[in-house]
Each structure stands twice: as C-alpha cells, then as structure tokens.
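Worksheet: the structure to be examined is printed underneath.
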Amino acid sequence: MSRNAEVIVLARGAEQVMEPLTRPDESREWHQTFIPVYDAMFEGSGTTSAECYTWIVQFRRRNWLGLLGHLESLDWPDPQSVQVLVRDQDDSCFGLWMIYDGKLTEVPLPRTNRTPFTDSVTGVLRRTDYS
C-alpha cells in the first residue's frame, strides 16, 4: 500500500548509534535508510563536519511498523536529547516522541488531537485550531 511518512531523528552524540540505520539491512522490518544531516549544512558553508545530530528518512509505504520500537531499544549516549518527529501523509503537523523512563513516548502538542487510523502506523494527528 502506498502511504508516505517522514521521520526525523534528533539526538546528540548518536553518530555510532544511528550509523547502522544509514545502511540497508534486510533483517529490519523497514528497508529505507536514514540520511545524516551534518551540522555544517546549517552553516551553509558547504564544508564537511564530523558531528551529526539529525537524520531523516521518507517512507513510501506503510512498512515502518517496527521503527519506533527499534529506536526506543537503541543504546543512546544521551537519551534525554532524543527527539523523533513523525509526519504521516494525513497529519496536519509532525508529532513529537521523546524518551521518558526508557520508553519512546509521544509528547502531547497543544491544539492537536491524534485519532486511530488503521492505514497509519501512528494514527492521524490533526491540529484543532483550524479546519
């Protein structure tokens, strides 16, 4: 089934943790790979950098069922810095997940409401302040 979703992972000092997710791995439930966005990209200088704290991926199918659980299970060097942003194709905005007590938990955003939707891994996140 064709269904788009974008995922952004932000985490400090997690280059080694995220590196395996930048390579294909047939043993995972999903097959797309994350792309690192190095901090030099924000400078606009075009120079390279060793530090990376942002990774992005777009899923073109509903094939990322185990992703959030996998991210939760990683040995993050700074779990308090981990933020996972997810926008399914029907979402009004990105949802935010953070690690609390060892669990990747959705952080409620003001003026939003998430409803279950069987075709979506996370349900649908809608803003309530406009139609």
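Considering all non-hydrogen atoms of both residues, Arg111 and Asp129 come closest at CD-CB, 3.8 Å. The two atoms that bring Trp55 and Glu15 nearest to each other are CZ2-CA, 3.9 Å, heavy atoms only. Contact record, Ile99 with Pro79: CB-O, 3.9 Å, taken as the closest heavy-atom pair. Contact between Leu104 and Glu72 at its shortest, heavy atoms only, is N-OE1, 2.7 Å. Pairing each heavy atom of Val17 with each of Pro77, the nearest pair is CG2-CD, 3.8 Å.
Residue pairs meeting the ring-ring contact (aromatic ring centres under 6.0 Å, His included) criterion with at least one member in residues 70-104, sequence neighbours excluded: Trp30-His70. Listed by first and then second residue, the side-chain hydrogen bond (donor to acceptor under 3.5 Å, both in side chains) pairs that reach into residues 17-29 are Glu19-Arg23, Asp25-Ser27, sequence neighbours excluded. Within the structure, salt bridge (Lys or Arg N to Asp or Glu O under 4.0 Å) contacts touching residues 98-107 (residues at least two apart or in different chains) are Glu106-Arg114. Sorted by first and then second residue, the pairs that involve residues 80-94 and meet salt bridge (Lys or Arg N to Asp or Glu O under 4.0 Å), not counting sequence neighbours, are Arg3-Asp88, Arg3-Asp90, Glu6-Arg87.
Interatomic distance, Ile35 CD1 to Thr54 OG1, rounded to the nearest 0.5 Å: 12.5 Å. Here the CG-CD1 distance, from Leu85 to Ile56, works out to 12.0 Å after rounding to the nearest 0.5 Å.
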Evaluate side-chain contact (heavy atoms from CB on, under 4.5 Å) for Val9 paired with Leu21, printing each intermediate quantity in order.
CA-CA 11 Å; Val9 174; Leu21 302 182; over 6 Å; no
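Looking only at side-chain heavy atoms (C-beta outward), Val82 and Leu71 stay at 4.5 Å or farther from each other. The shortest side-chain heavy-atom distance between Leu67 and Val86 does not fall under the 4.5 Å cut-off.
Asn113 meets the side-chain hydrogen bond (donor to acceptor under 3.5 Å, both in side chains) test with no other residue; sequence neighbours excluded. With sequence neighbours excluded, the residues that form a side-chain hydrogen bond (donor to acceptor under 3.5 Å, both in side chains) with Gln32 are Asn63. Legend: residues meeting salt bridge (charged side-chain N to carboxylate O under 4.0 Å, His left out) with Arg126, ordered by chain and number and at least two apart, are absent. Residues forming a side-chain contact (heavy atoms from CB on, under 4.5 Å) with Asp78 (at least two apart in sequence, or on another chain): Arg12, Gln80, Ser81.
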